[in-house]
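See structure below.
In what follows, residues are counted from 1 in the order of the sequence shown.
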Amino acid sequence: MKVGIYTLGCKVNTYESEYVASLFREAGYKIADFDEDCDIYIINTCSVTNQSDVKSRKMIHQVVRRKPDACIVAMGCFIEANKDISLAGVDIILGNKDKSKIVSLVEEFFAKKEKIRDLYDDLGNEFEDMEIKDFENRTRAFVKIQDGCENFCSYCIIPRVRGRCRSKKKDVVLREIECLIQHGFQEIVLTGIHTGNYGVDLGTDFASLLTEIVELKGLKRLRISSIEITELNDRVLEILANYPVVVDHLHIPLQSGSDEILKRMNRKYDTAYYLEKIRKIRSIRPEIAITTDVIVGFPGEDEKHFMETYRFCEAINFAKIHVFPYSIRSKTAAAVMKEQVSGLVKKERVKRLLSLSRHLENSYMEQFLGKTVEVLIERYLDGISYGHTGNYLFVQLEGNYQSGELLPVKILKIVYPCCIAIPLTEKEVVKH
């Protein structure tokens, strides 16, 4: 039987979908493209914004209309946020628990032909063990080390749909990474819902885990998917200083450059703290790419607050800004705040901040003109190979190079959003 899986949302969802695919493969099923004619369709949903809800619902309805006689599974955050929802044509409704049981749930459905709702009022305190041996059709491998969040930012629904902080045991993390290295993966990406809070439930912490990962034999690149500024403590920075295997890129959410708005968001820092930590990071890694998330149009944000954010982003000199208009999420503190910002104002502020981001991206890329960098080749198309450097420059070069290969190249020019490069000669490689 053929299984098609569609993933919306974050890297954690991507990891969990790959894990689900591995379970079906081990049970003898064939994983097919989602657009193919399949016997089983699985939609792994997202609910981080209203738009995510819309996309999740739309994808579910599309597959129900396309193949109503298939076994259709809807799972993940959209389901967890809307437990009482009625989804006509969906056979199995699954939240963010028991994804490891999905094969048995599907086989139960085929045996009994009865719809299944597998939902809990409480996701519990235990990490649901997931371990991946290979990541099909990918050049970098994600490793989920943590789930849940207890920050309760006033705009965010995630603590409600992902539950309390739960961590994967350290020996399991290390074993999983070792296995992926043996399967040829050059880059490992550590991911979680609140990645830097790893170990809070195990009597350890993120720095202790990193200390052991960076010593693993054969590891070429280690990337942290996202980390809060408050979790970049001195021990983590010491690892950055001493282990070049950790790539020159950190994604550190800012959300706002206005202290007043940060306080309303229930963030755990102010702009002075953020700026000082960035300065400390750059004293260790001068060429590091620091990317971020910013929410515009949060309740109460006026033009003065927005310009504080704009100027702060300029001052930090981010390598890229991911910009999101504030999205009202029911059952969050911000949903009932006064001074909601109009959609037109949010759209205009998104446009302005994205324009700044493009300028900052170009400036960052131009620092590397004429320099030698190492690219992880990801794909080949029409005579051109594409990939990313450790500091996440998007590089293209002529020629067909092997996906997954780490290739030293020289950057010749910038054509946004790409850096155009050429491979080094043998003599240059030896010198490099």
Side-chain angles (χ1 to χ4, degrees), residues 9-11 46 48-52 149 151-158 193-196 224-232 249-279 281-282 288-329 332-335 337 339-364 392 416-417:
C10 64
K11 290 181 176 67
C46 177
V48 70
T49 65
N50 282 329
Q51 191 60 32
S52 302
C149 181
N151 267 357
F152 293 99
C153 299
S154 62
Y155 53 81
C156 187
I157 197 174
I158 297 304
I193 299 301
H194 188 178
T195 310
I224 302 164
S225 62
S226 180
I227 188 166
E228 295 289 341
I229 194 77
T230 51
E231 286 149 3
L232 288 161
H249 171 233
L250 286 173
H251 186 80
I252 312 170
L254 171 65
Q255 307 306 7
S256 177
S258 164
D259 287 337
E260 186 177 339
I261 298 300
L262 285 173
K263 190 172 182 180
R264 288 170 67 89
M265 287 177 164
N266 195 33
R267 299 294 284 172
K268 308 300 190 288
Y269 52 84
D270 59 19
T271 53
Y273 178 94
Y274 193 103
L275 178 60
E276 180 55 33
K277 191 61 67 86
I278 296 298
R279 285 173 174 164
I281 293 165
R282 286 189 171 137
I288 194 168
I290 297 175
T291 58
T292 198
D293 297 329
V294 172
I295 297 170
V296 300
F298 187 80
E301 182 192 77
D302 58 20
E303 181 65 14
K304 176 181 75 73
H305 298 128
F306 172 73
M307 286 308 301
E308 286 173 351
T309 294
Y310 189 98
R311 294 188 185 106
F312 189 73
C313 288
E314 278 186 308
I316 293 293
N317 199 21
F318 289 111
K320 185 180 180 69
I321 307 167
H322 299 267
V323 187
F324 304 91
Y326 167 70
S327 180
I328 296 176
R329 310 304 289 132
T332 63
M337 287 181 180
E339 302 175 85
Q340 296 287 335
V341 178
S342 76
L344 286 175
V345 171
K346 286 189 276 192
K347 186 175 181 179
E348 185 263 345
R349 289 177 185 169
V350 166
K351 186 177 179 180
R352 286 158 66 188
L353 207 53
L354 284 175
S355 178
L356 173 63
S357 178
R358 177 165 177 163
H359 169 72
L360 295 176
E361 287 175 66
N362 264 312
S363 296
Y364 181 74
Y392 228 63
Y416 184 86

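Note that CD1 of Ile227 and CG of Leu250 are 7.0 Å apart. Values are rounded to the nearest 0.5 Å.
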(message) Between Asp259 and Lys263, is the side chain to side chain contact (heavy atoms under 4.5 Å, CB included) condition met? List the steps.
(response) CA-CA 6 Å; Asp259 287 337; Lys263 190 172 182 180; over 6 Å; no

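Between Glu339 and Glu301, every side-chain heavy-atom pair lies at or beyond the 4.5 Å cut-off. Taking the side chain as every heavy atom from C-beta outward, Leu254 and Phe318 approach each other to under 4.5 Å. Contact check for Ile157 versus Val48: no side-chain heavy atoms found under the 4.5 Å cut-off. For the pair Cys156 and Asn151, the minimum side-chain heavy-atom distance is 4.5 Å or more.
No hydrogens or angles considered: nothing links the side chains of Asn266 and Ser154 as a donor-acceptor pair under 3.5 Å. Side-chain atoms of His359 and Asn362 include no donor-acceptor pair closer than 3.5 Å. Counting only N and O atoms by type, the side chains of His305 and Ser256 include no donor and acceptor under 3.5 Å apart.
Atom NZ of Lys11 has 12 or fewer neighbouring heavy atoms from other residues, nucleotides or ligands inside a 6.0 Å radius. Shown here is Arg311, whose CZ atom has no more than 12 heavy atoms of other residues, nucleotides or ligands within 6.0 Å.
Salt bridge status for Glu303 with Arg352: present, with a side-chain N to carboxylate O gap under 4.0 Å.
Put simply, the residue from Gln255, His322, His251 that forms a side chain to side chain donor-acceptor pair (under 3.5 Å) with Asp293 is His251.
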